[in-house]
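Have a look at the structure below before the remarks.
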Amino acid sequence: MNLSSPVDPVAIARDLVRCPSVTPAEGGALRLLAGMLEEIGFEVHRLTFSEPGTADVDNLYARIGSGSPHLVFAGHTDVVPPGEPGSWTHPPFSGAIAGDELHGRGAVDMKGAIACFVAALSDHLAARAGRPAGPAGAGQPAGTVSLLITGDEEGVAVNGTPKLLQWAAERGIRFDHCLLGEPTSAEALGDAMKIGRRGSLNGTLIVTGTQGHVA
Ligand SMILES: [Zn+2]
């Protein structure tokens, strides 16, 4: 038994960062994630949700195992626009590793967390099977483990998590525990764990008056 070669979360995070998944573009991120999860035994569902007046958005639900407890990891692969590319020390979708830091849009929020979860799962499932981590090493969890990953968190967020939860509920899928990979640390990794999160508000500002232009 050789469990000394765990799956590298940095490589997974780098590959995810290289996917230009600016909301609502999937950018290859969910395809990459789906492939990795299928390799370690997950049943993967790719779900595209629609709403009049908004762009269609791709999402992913994946599960392995059966029965309870049912742990779900929830997250998103979409990122906010990178702004001016020239303002970046390293191009925003290069996944550059400089020193011991991974650079790029989404490295923190939250492709890094997804990479850590996938790597940890791969190691855990392999350890349960007594095999090396990686595509051929996956065993079964005690209970069920799911990933509920949306591509619509940073945008208007109507074709993502709410519809994924509705989709799951309609199929009788119930979750016992949920882990979210949103960045919460203040000073150092792991210095904060939260049981909730700030809310968000999307609005439309309409300004009436006389249109002008000065330059
Ligand atoms: Zn986030």
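The figures that follow rest on heavy atoms only: side chains count, while hydrogens, waters and symmetry mates do not. Bear in mind the structure is a predicted one, so any value in this text is a computation, not a measurement. Just so you know, ligand 1 is whichever comes first in the structure, and atom 1 is the first atom listed for that ligand.
- Because the distance cut-off is set at 2.8 Å, Glu182 qualifies as a neighbour of the Zn ion (ligand 1) through one of its N, O or S atoms.
- Remark: aromatic rings of His103 and Trp88 are distant, center separation not under 6.0 Å.
- Sorting the N, O or S atoms of Asp109 by how far they are from the Zn ion (ligand 1) puts OD1 first.
- For the Zn ion (ligand 1), the N/O/S atoms of Glu153 include none lying under 2.8 Å.
- At distances below 3.5 Å, at least one donor-acceptor pair connects side-chain atoms of Thr144 with backbone N or O atoms of Gly67.
- Among Thr161, Asp109, Thr23, Asn59, the one residue that satisfies the side-chain hydrogen bond (donor to acceptor under 3.5 Å, both in side chains) test with His76 is Asp109.
- Annotation for Arg46: atom CZ counts as buried by contact number, over 12 foreign heavy atoms lying within 6.0 Å.
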